[in-house]
Amino acid sequence: MIRGLKLDARLSLGILMTSLVAVVVGAMLSEQTDNLGSLLRRSPEPEPEIYANAKARISSGEQLLFADNLNPFKKAGIRAYRKEHYAEAEKNFQHSLSFHRDPETLIYLNNSQVSQEESYLTLAVAIALPEDLETEEAKEILQGVAQAQKEFIEEGNAVKVLIGDDDDEPDSAAMLAQKFVEMPEVLGVIGHLSSDSSLNAGSIYQDAGLVMVSPLSTAMSLSGLGSYIFRTVPNDFYASKAIADYLVQEQQITEVAIFYSSHTTYSVSLKHEIAEHLKDHGQKKTLTIDTYDPNFDVEDAFETLRAQNIKAIALLTDGETRPQAIEILKQNNQLTSCKRGESR
């Protein structure tokens, strides 16, 4: 199935999606001081008519994805939106913003306004709330989308945004992608977050002829997925080259160990690219250590590093191996402290 648009409509849609993604990236790079690092669990007793708890959930205003900062006006807005009482929903979402200007409410407010128009375009954005934890990363993505959506509406372009949550799981991402594909009104998707999720979802979008623009996925393999798959962030080639160049040219270090996780495409891709760039600098072999290996032991790993006279480590782990990464950092700090003590 190829989704057809007139040439001028395609051009406008492309500009819109690029602008949305650009604002998303800008929002994620901006200083976040109010709620940085907060991780809040969903209510243990969710209200069925308000909360969305299904896998690959989607909402344009009829369900709640973020449980924090909930107030009676936001509840009322969601109930009204679900009944297609958009003017009432708009009023309640507007009142809700006086309590807290969260991006979910901003998008729901924009959607309530747009839904009262005779016609509008529809785009989707995929966020990740892994293990039902509300993360600042997801909020930052939506903040950028909400801002861009509002600006386009003010310029006279009616744009509705569907929010989808894939839990940052590849299978859930594929499920969410299939849902978006089956919605003929969706003209493009912003997402997904991780490279693994983007790859799983991207193949579905490619087969359906639905455009996906990822603001964050960097794995090299995403580049060859198809003509409907794009990203705005540089791929791993550039980041890995910068790392290798810095180590060799600035620090004169070629003895490098790479800690990575075989669990994710992102980590494997970046590990491979750094090793290749170090090889270009004359490094015959780079030590690589898989932190996802069930037999991984940090003390054994550092014994190997000392035996091979390793001068620098690259830490390319993922969320699954965060505990191992913390142990690596602790071990490295202890080693550095000992060396400083010896030098004195």
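What you see below is based on every heavy atom in this structure, not just the backbone, and it leaves out hydrogens, waters and symmetry mates.
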Any chain of hydrophobic side-chain contacts (each under 4.5 Å) joining [X] to [Y]?
{"X": "Ile258", "Y": "Leu305", "answer": "no"}
{"X": "Phe259", "Y": "Leu316", "answer": "no"}
{"X": "Tyr246", "Y": "Leu270", "answer": "no"}
{"X": "Tyr120", "Y": "Leu210", "answer": "no"}
{"X": "Ile127", "Y": "Leu106", "answer": "yes"}

At what distance, to the nearest 0.5 angstrom, does [atom1] of [X] lie from [atom2] of [Y]?
{"X": "Ile326", "Y": "Gln331", "atom1": "CD1", "atom2": "CD", "result": "14.0 Å"}
{"X": "Leu193", "Y": "Asp167", "atom1": "CG", "atom2": "CG", "result": "11.5 Å"}
{"X": "Gln324", "Y": "Asp293", "atom1": "CD", "atom2": "CG", "result": "10.0 Å"}
{"X": "Lys160", "Y": "Ser119", "atom1": "NZ", "atom2": "OG", "result": "12.5 Å"}
{"X": "His263", "Y": "Asp290", "atom1": "NE2", "atom2": "CG", "result": "11.0 Å"}
{"X": "Lys150", "Y": "Glu154", "atom1": "NZ", "atom2": "CD", "result": "3.5 Å"}

Are the side chain of [X] and the backbone N or O of [Y] linked by a donor-acceptor pair below 3.5 Å?
{"X": "Asn157", "Y": "Ile153", "value": "no"}
{"X": "Asn235", "Y": "Met220", "value": "no"}
{"X": "Glu273", "Y": "Ser240", "value": "no"}
{"X": "Asn200", "Y": "Ala173", "value": "no"}
{"X": "Asp196", "Y": "Thr265", "value": "yes"}
{"X": "Thr321", "Y": "Asp318", "value": "yes"}
{"X": "Ser115", "Y": "Ser112", "value": "no"}
{"X": "His277", "Y": "Phe237", "value": "yes"}
{"X": "Asn332", "Y": "Ile328", "value": "no"}
{"X": "Asn309", "Y": "Glu255", "value": "no"}

Any side-chain donor paired with an acceptor under 3.5 Å for [X] and [Y]?
{"X": "Asp245", "Y": "His281", "value": "yes"}
{"X": "Glu62", "Y": "Ser59", "value": "yes"}
{"X": "Thr264", "Y": "Ser261", "value": "no"}

[Y] and [X], any side-chain heavy atoms less than 4.5 Å apart:
{"X": "Ser217", "Y": "His192", "result": "no"}
{"X": "Leu142", "Y": "Ile163", "result": "yes"}
{"X": "Val186", "Y": "Leu162", "result": "yes"}
{"X": "Lys139", "Y": "Phe66", "result": "yes"}
{"X": "Arg322", "Y": "Thr317", "result": "no"}
{"X": "Val145", "Y": "Ile107", "result": "yes"}
{"X": "Ile310", "Y": "Val256", "result": "no"}
{"X": "Asn111", "Y": "Val161", "result": "yes"}

Check step by step if side chain to side chain donor-acceptor pair (under 3.5 Å) holds for Tyr292 and Glu320. CA-CA 8 Å; Tyr292 193 69; Glu320 289 287 327; 5.2 Å; no
Derivation and outcome, side chain to side chain contact (heavy atoms under 4.5 Å, CB included), residues Val159 and Val114: CA-CA 7 Å; Val159 180; Val114 166; 5.7 Å; no
Check step by step if side chain to side chain donor-acceptor pair (under 3.5 Å) holds for Gln149 and Asn110. CA-CA 7 Å; Gln149 181 191 22; Asn110 294 336; 3.0 Å; yes
Do the side chains of [X] and [Y] get close enough for a salt bridge, i.e. N-O under 4.0 angstrom?
{"X": "Lys55", "Y": "Glu169", "result": "yes"}
{"X": "Lys271", "Y": "Asp236", "result": "no"}
{"X": "Lys74", "Y": "Glu104", "result": "yes"}
{"X": "Glu276", "Y": "Lys279", "result": "yes"}
{"X": "Arg306", "Y": "Glu303", "result": "yes"}

Indicate the atoms forming the closest heavy-atom contact of [X] with [Y], along with that distance.
{"X": "Leu225", "Y": "Leu199", "answer": "CD2-O, 3.9 Å"}
{"X": "Asp165", "Y": "Ser172", "answer": "O-OG, 4.3 Å"}
{"X": "Pro215", "Y": "Thr232", "answer": "CA-OG1, 3.5 Å"}
{"X": "Leu129", "Y": "Ala138", "answer": "CD2-CB, 3.7 Å"}
{"X": "Tyr81", "Y": "Ser60", "answer": "OH-OG, 3.0 Å"}
{"X": "Ser195", "Y": "Ala219", "answer": "OG-N, 3.1 Å"}

Centres of the [X] and [Y] rings: under 6.0 Å?
{"X": "Tyr228", "Y": "Tyr205", "value": "no"}
{"X": "Phe73", "Y": "Phe93", "value": "no"}
{"X": "His272", "Y": "Tyr260", "value": "no"}

Test log, rule side chain to side chain contact (heavy atoms under 4.5 Å, CB included), inputs Asn71 and His100: CA-CA 9 Å; Asn71 59 72; His100 187 268; 5.7 Å; no
Using side chain to side chain contact (heavy atoms under 4.5 Å, CB included), reason through Tyr108 and Leu97 one step at a time and then give a plain yes or no. CA-CA 11 Å; Tyr108 289 175; Leu97 290 175; over 6 Å; no
Side chain to side chain donor-acceptor pair (under 3.5 Å) for Arg231 and Ser223? Distances and angles first, verdict last. CA-CA 8 Å; Arg231 60 176 154 207; Ser223 299; 2.5 Å; yes
Should Gln63 and Arg82 be marked as a side chain to side chain contact (heavy atoms under 4.5 Å, CB included) after you check the CA-CA gap, both sets of side-chain angles, and the distance that decides it? CA-CA 8 Å; Gln63 296 184 95; Arg82 176 172 289 192; 3.3 Å; yes
Does a sphere of radius 6.0 Å around NZ in Lys91 hold more than 12 heavy atoms from other residues, nucleotides or ligands, not counting ones at 6.0 Å or beyond?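 Not buried by this count: 12 neighbours or fewer within 6.0 Å.
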Using the side chain to side chain donor-acceptor pair (under 3.5 Å) rule, take Glu182 and Gln178 through it: C-alpha gap first, then chi angles, then the decisive distance, then the call. CA-CA 6 Å; Glu182 292 171 358; Gln178 189 60 46; 3.2 Å; yes
